[in-house]
Novice: 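Following this message is one structure expressed as structure tokens.
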Protein chains: 2
Amino acid sequence: MFPMEKSAPKVPSDRTTRDRLLDAAEHLFGIHGYKGAGMRMLAEEAGVNLGAATYHFGSKDALYIETFLRRFRVMNAERLRLLRESEEQAEGKPLPVARIVDCMIRPLFQSGLKHPSFQLLLARNLFMPPPFLHAVIRQELEPNIKVFQAALLRALPAMPDSLLHLRTMFGMGALLVFSFQMAQMVFERHATFYENVLEEMVRFISAGLQSELPPSPEQWLPFPFPPDSESR
Amino acid sequence: MFPMEKSAPKVPSDRTTRDRLLDAAEHLFGIHGYKGAGMRMLAEEAGVNLGAATYHFGSKDALYIETFLRRFRVMNAERLRLLRESEEQAEGKPLPVARIVDCMIRPLFQSGLKHPSFQLLLARNLFMPPPFLHAVIRQELEPNIKVFQAALLRALPAMPDSLLHLRTMFGMGALLVFSFQMAQMVFERHATFYENVLEEMVRFISAGLQSELPPSPEQWLPFPFPPDSESR
DNA sequence: GGAACATTAATACAAACGTATGACTTATTT
DNA sequence: AAATAAGTCATACGTTTGTATTAATGTTCC
């Protein structure tokens, strides 16, 4: 029933079918969304048989999750790596806000230039993940968010937690929507000076984060990220 | 074949079936998206027959468009009204950036409190509209964007067009994603001090828009809004 | 009151969906 | 070389999809 139930030394065999399926899934799920891309469509684009998908992944959901995590994990790891590297260079001193934001954003830009389809998929899923993905994303993203929040709090000691949380979410929104648009530009081969755009985005978000504190004490509930859409 | 081909003085009759269908569509399309909500689901929630949808709207696409435009139009009109009102009060002097941003954002907050389902629908469609909606949105949004861009340019005369355009887009992104999350909070009856959040968002976006100009001349292509997803 | 129309209702249809199955071919192992 | 496993393939099943069709029921006006 399942591909490697016993023995199976190192998944040596395919390396083609399975990966071609993943690539096709990344591409088509990114463009059409989870509901918009059917298994037959994927199989055709990948040039494999319809049954191959069920064989290698078990179900559409599982394929979707795997497609998403494949790059999401390395992107998050890269984010942490950059931040740690910066903090080592700073030798104990709190990092400037812009630097922290840069560490957060840069991997997304880099990944977007190499894998625009994934960037579409990513934006889709951070915005409105299908229900079965929601927990996965949260679990994968949570440690990341914690670390960056902590770094920002060190850089902005006067800012209340809840306010920073809200502002971070605004920044995420700007980043998210923009990355979606950028992916389509990359897709259409509209080469642009993305380094400039990245700098500009860092400036925008940093300015927002550092803007003056509100006169009245802020009062609101925490907004979860990402929100779960299909829940109702 | 069609409901009011001739005579048909004033569409007097229903006022129930048709509107119940629109309400159900707003609710379910908002939550599940275009692909996620089927005609039978809508009919059941509205408490009407399946055929009624085809009869009153012709097709699923048409129903979707009408559901979207019903509130989108009045929201945009309200935006323009607020801006014009502010400009009259200013008597020729350029408005402060924060004021312009407020006029842009406030109607969305108000609408979100009254019609959270529509807010979900709106965020969905501004982010990744189904292909058949793309042109509609663009046409409806274009004059609005022009007016606000002009007002911002008057407030920020030193800023190059392309930079303002990019920063505006960042702001849109923050607004968009947040409105999606807010809608779900409203849904779950988590009453919060939304006026505070609104102020905070105005502050964030205004700070981003007014942040220092880049040292090097910016160079990039214009990013379209909204981007068309399904196009590839 | 009956003709003309507007609306609702029940049912049918072809297409697309995700998944399951069993036969066939290729690899790997002993 | 035989045997076992891994992978590929064509095909089929049961749902669900959006829409079309046709009959039944209200409603309106002369």
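What's counted below: heavy atoms across the whole structure, side chains too, no hydrogens, waters or symmetry copies. Chain letters run A, B, ... following the sequence lines, proteins first, then strands; residues in each count from 1.
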Novice: Quick one: is C/dG18 close enough that its OP1 or OP2 comes under 4.0 Å of any side-chain N or O from A/S59?
Specialist: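 A/S59 to C/dG18 OP1/OP2: no side-chain N or O under 4.0 Å.
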
Novice: For residues B/C103 and B/P107, report the shortest heavy-atom separation together with the two atoms involved.
Specialist: O-CD, 3.1 Å

Novice: Rounded to whole angstroms, how far apart are CZ on A/R18 and P on D/dA6?
Specialist: 14 Å

Novice: Quick test of your reading: applying salt bridge (Lys or Arg N to Asp or Glu O under 4.0 Å), list the pairs with at least one residue in residues 131-146 of chain A, sequence neighbours left out, ordered by first then second residue.
Specialist: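 Applying salt bridge (Lys or Arg N to Asp or Glu O under 4.0 Å) to every pair that reaches into residues 131-146 of chain A, excluding sequence neighbours, yields A/R73-A/E140.
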
Novice: Expressed as a whole number of angstroms, how long is the span from B/L63:CG to D/dT17:P?
Specialist: 15 Å

Novice: Rounded to whole angstrom units, what separation is found between the CG atom of A/L50 and the P atom of D/dT11?
Specialist: 13 Å

Novice: Could you pick out which residue, A/A52 or A/R40, lies toward the 5' side of DNA chain D when each is mapped onto its nearest nucleotide?
Specialist: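 With A/A52 and A/R40 compared, the 5'-side residue is A/A52.
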
Novice: Five pairs per end, C1' atoms only: what is the angle between the end axes of the helix from C/dG1-D/dC30 to C/dT30-D/dA1, to 10 degrees?
Specialist: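 The angle, to the nearest 10 degrees, is 10°.
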
Novice: Map A/G47 and B/D61 onto DNA chain D by nearest heavy atom, then report which one ends up closer to the 5' terminus.
Specialist: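 On the 5' side of the pair lies A/G47.
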
Novice: Identify the heavy atoms of A/F170 and B/A174 that sit nearest to each other, and give their distance.
Specialist: O-CB, 3.3 Å

Novice: From the list D/dG7, D/dG18, C/dT19, which nucleotide is the closest neighbour of the side chain of B/M39?
Specialist: D/dG18

Novice: Given atom CD of A/E44 and atom C1' of C/dG18, what is their separation to the nearest angstrom?
Specialist: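 Distance, rounded to whole Å: 17 Å.
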
Novice: Look at A/T17 and D/dT8 and indicate whether a side-chain polar atom (N or O) is within less than 4.0 Å of OP1 or OP2.
Specialist: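 For D/dT8, OP1 or OP2 has a side-chain N or O of A/T17 closer than 4.0 Å.
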
Novice: So, is A/N49 near the phosphate of D/dA10, with a side-chain N or O under 4.0 Å from OP1 or OP2?
Specialist: yes

Novice: Please determine if B/E44 and B/R40 form a salt bridge, counting it only when a charged side-chain N lies under 4.0 Å from a carboxylate O.
Specialist: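 Answer for the salt bridge query: no.
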
Novice: From the options B/R70, B/R124, B/K114, select the one residue that forms a salt bridge (charged side-chain N to carboxylate O under 4.0 Å, His left out) with B/E26.
Specialist: B/R70

Novice: Does a side-chain N or O of A/H56 approach OP1 or OP2 of D/dT8 to a distance below 4.0 Å, or not?
Specialist: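 Checking D/dT8 against A/H56, a side-chain N or O does come within under 4.0 Å of OP1 or OP2.
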
Novice: Could you give the distance from CG (B/L121) to CG (B/N125), rounded to the nearest 0.5 Å?
Specialist: 5.0 Å

Novice: Distance check needed: C/dC17 P versus A/K35 NZ, whole Å only.
Specialist: 13 Å

Novice: Grab the NZ-P distance between A/K60 and D/dT15 for me, whole Å please.
Specialist: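 About 19 Å, once rounded to whole Å.
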
Novice: How many Å lie between CE on A/M41 and P on C/dA16, as a whole number?
Specialist: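 Value for this atom pair: 10 Å.
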
Novice: Would you mind reading off the distance between B/F57 atom CZ and D/dT19 atom C1', rounded to a whole angstrom?
Specialist: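 Rounded to whole Å, this separation is 16 Å.
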
Novice: Quick one: which of D/dG18, C/dA6, D/dG7 gets closest to the side chain of A/Y55?
Specialist: D/dG7

Novice: B/F178 vs B/F109 aromatic rings, parallel, tilted or perpendicular, using cut-offs 30° and 60°?
Specialist: parallel

